[in-house]
Amino acid sequence: MKIDAQHIDEPGLVVLDITAADEETARAVIAALEQRWATSGVTPVRGEPGLPGVRARVYADIRRPSPCHAPMQGESA
C-alpha cells in the first residue's frame, strides 16, 4: 500500500502495517496500540488471496498518549 506523505509529515507520526495470522490477533494488536498512543483506531482487516494471514494499517501519533494510557514506571505523564 502507498503511504500518503501527510501521514508522516512531522516527527512522531507513524504508519504501521500489521500482518497477523488471523483477524482476532490483528485487532488485539490494534487495540494494544490504542491503549498507548493516539491512533486512527480499528481499521479494516483484509486478507489477500494467495498470501498468508491478514493485514491492517494503523496511523499513530507517538507524541500524544492515548487518553486511557496510564504512564508506566519511569515515564512522565
Side-chain angles (χ1 to χ4, degrees):
M1 279 195 266
K2 184 178 178 185
I3 296 174
D4 190 322
Q6 74 177 357
H7 293 115
I8 54 169
D9 65 352
E10 298 176 31
L13 300 179
V14 298
V15 178
L16 303 165
D17 287 321
I18 297 165
T19 303
D22 55 53
E23 187 170 338
E24 183 179 346
T25 302
R27 291 192 181 282
V29 169
I30 293 167
L33 291 169
E34 286 182 311
Q35 294 298 312
R36 181 136 185 103
W37 297 307
T39 73
S40 57
V42 176
T43 60
V45 177
R46 296 184 170 93
E48 294 182 39
L51 294 177
V54 295
R55 285 153 190 72
R57 175 169 278 181
V58 176
Y59 303 93
D61 184 343
I62 64 170
R63 303 166 298 183
R64 294 182 22 211
S66 169
C68 57
H69 172 63
M72 295 173 17
Q73 187 175 6
E75 271 187 331
S76 56

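Computed from a predicted model, the values in this text were never measured in an experiment.
- Listed by chain and number, the residues in a side chain to side chain donor-acceptor pair (under 3.5 Å) with R63 are E10, D61 (sequence neighbours excluded).
- If you take CG on L33 and CD1 on I62, they are separated by 11.5 Å, rounding to the nearest 0.5 Å.
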Please tabulate, one pair per line, all N/O donor-acceptor pairs under 3.5 Å involving side-chain atoms of residues 24-32, not counting sequence neighbours.
unit_1: T25; atom_1: OG1; unit_2: D22; atom_2: OD1; d: 2.8
unit_1: R27; atom_1: NE; unit_2: E23; atom_2: OE2; d: 2.9
unit_1: R27; atom_1: NH2; unit_2: E23; atom_2: OE2; d: 3.0

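- Not counting sequence neighbours, the partners of T19 by the side chain to side chain contact (heavy atoms under 4.5 Å, CB included) test are R55.
- When hydrophobic side chains of Ile, Leu, Val, Met, Phe, Trp and Tyr are connected at separations under 4.5 Å, V54 ends up clustered with V45.
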